[in-house]
Amino acid sequence: DTGVSQDPRHKITKRGQNVTFRCDPISEHNRLYWYRQTLGQGPEFLTYFQNEAQLEKSRLLSDRFSAERPKGSFSTLEIQRTEQGDSAMYLCASSLDGRAGGYTFGSGTRLTVV
Amino acid sequence: AQSVTQLDSHVSVSEGTPVLLRCNYSSSYSPSLFWYVQHPNKGLQLLLKYTSAATLVKGINGFEAEFKKSETSFHLTKPSAHMSDAAEYFCVVSDRDTGRRALTFGSGTRLQVQP
């Protein structure tokens, strides 16, 4: 296990469709974070898990966004009824107990809504 | 709430000259601060971190940063720029006063290195 994997790398979807992204963290990391990065901006925090528990989701952008980590391993981020404003890079990161500087980021999923 | 402000959206230097990327932070607590680099189509990579030990922090690829509490600054420097340093750089603060340890990113500084 050499890093955090995200799939797909790119996703183009029509407005109104649902999309799901997957993140596979480093296996021994118990924390998993989702961030969104829009063009010209730094990533912004969306939600995070400790093992299978989602400990904060208040930063999810709307009720169209949901995330799961059913077995405490991989995670999925779903966006329902996509809008053009959802076009962004979605980044996943994992860490061990949130230790400072211990984050490893994936390469992200770039979503384009047309 | 914690935040960081990157004072320059773009910096252009010539190869072999010094690099200075400026960052100011705002935090109610003693912060954990980081610099990350993002190359095109690649993931974010940690350059260096400050976690209340030495105020001068050395990172990878010859970068270093100095934590100055009196100035609430955490500027990134490198003595001599290389073409491969061209990338987007983010100053980041961690909310280590809460349990979640989420990262708050600045808006980024794009570094261009001219030959």
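Every chain is numbered from 1, with letters handed out A, B, ... down the list of sequences.
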Does a side-chain heavy-atom distance below 4.5 Å link F105(A) with Y36(B)? yes
Same apolar cluster (I L V M F W Y, side chains within < 4.5 Å links), V93(B)/L47(B): yes
Atom CG of L39(A) with >12 non-hydrogen neighbours under 6.0 angstrom: no
Taking every heavy atom of P43(A) against every heavy atom of F90(B), the minimum-distance pair comes out as CD-CE2, 4.2 Å
Side chain, backbone, both or neither of R110(A) within contact of chain B (heavy atoms, under 4.5 Å): neither
Quick check: are there more than 12 heavy atoms from other residues, nucleotides or ligands sitting under 6.0 Å from CZ of R64(A)? yes
Just checking E15(B): does its CD atom have more than 12 heavy atoms from other residues, nucleotides or ligands closer to it than 6.0 angstrom? yes
What part of Q45(B) gets within 4.5 angstrom of chain A, counting heavy atoms only: side chain, backbone, both, or neither? neither
I want to check something: taking the side chain as every heavy atom from C-beta on, are Y35(A) and L103(B) in contact at a cut-off of under 4.5 Å? yes
So which of R9(A), Q6(A), M89(A), Q37(A) has the largest heavy-atom pair count under 4.5 angstrom toward chain B? Q37(A)
Is it the backbone or the side chain of Q41(A) that comes under 4.5 Å from a heavy atom of chain B, or both, or neither? both
When clusters are formed by joining ILVMFWY residues with side-chain heavy atoms under 4.5 Å apart, either directly or through shared neighbours, do V11(B) and M83(B) land in the same one? yes
Just how far is it from atom NE2 of H39(B) to atom OG of S107(A), taken to the nearest 0.5 Å? 12.5 Å
For L20(B), does the CG atom sit with more than 12 other heavy atoms under 6.0 Å from it, leaving out its own atoms? yes
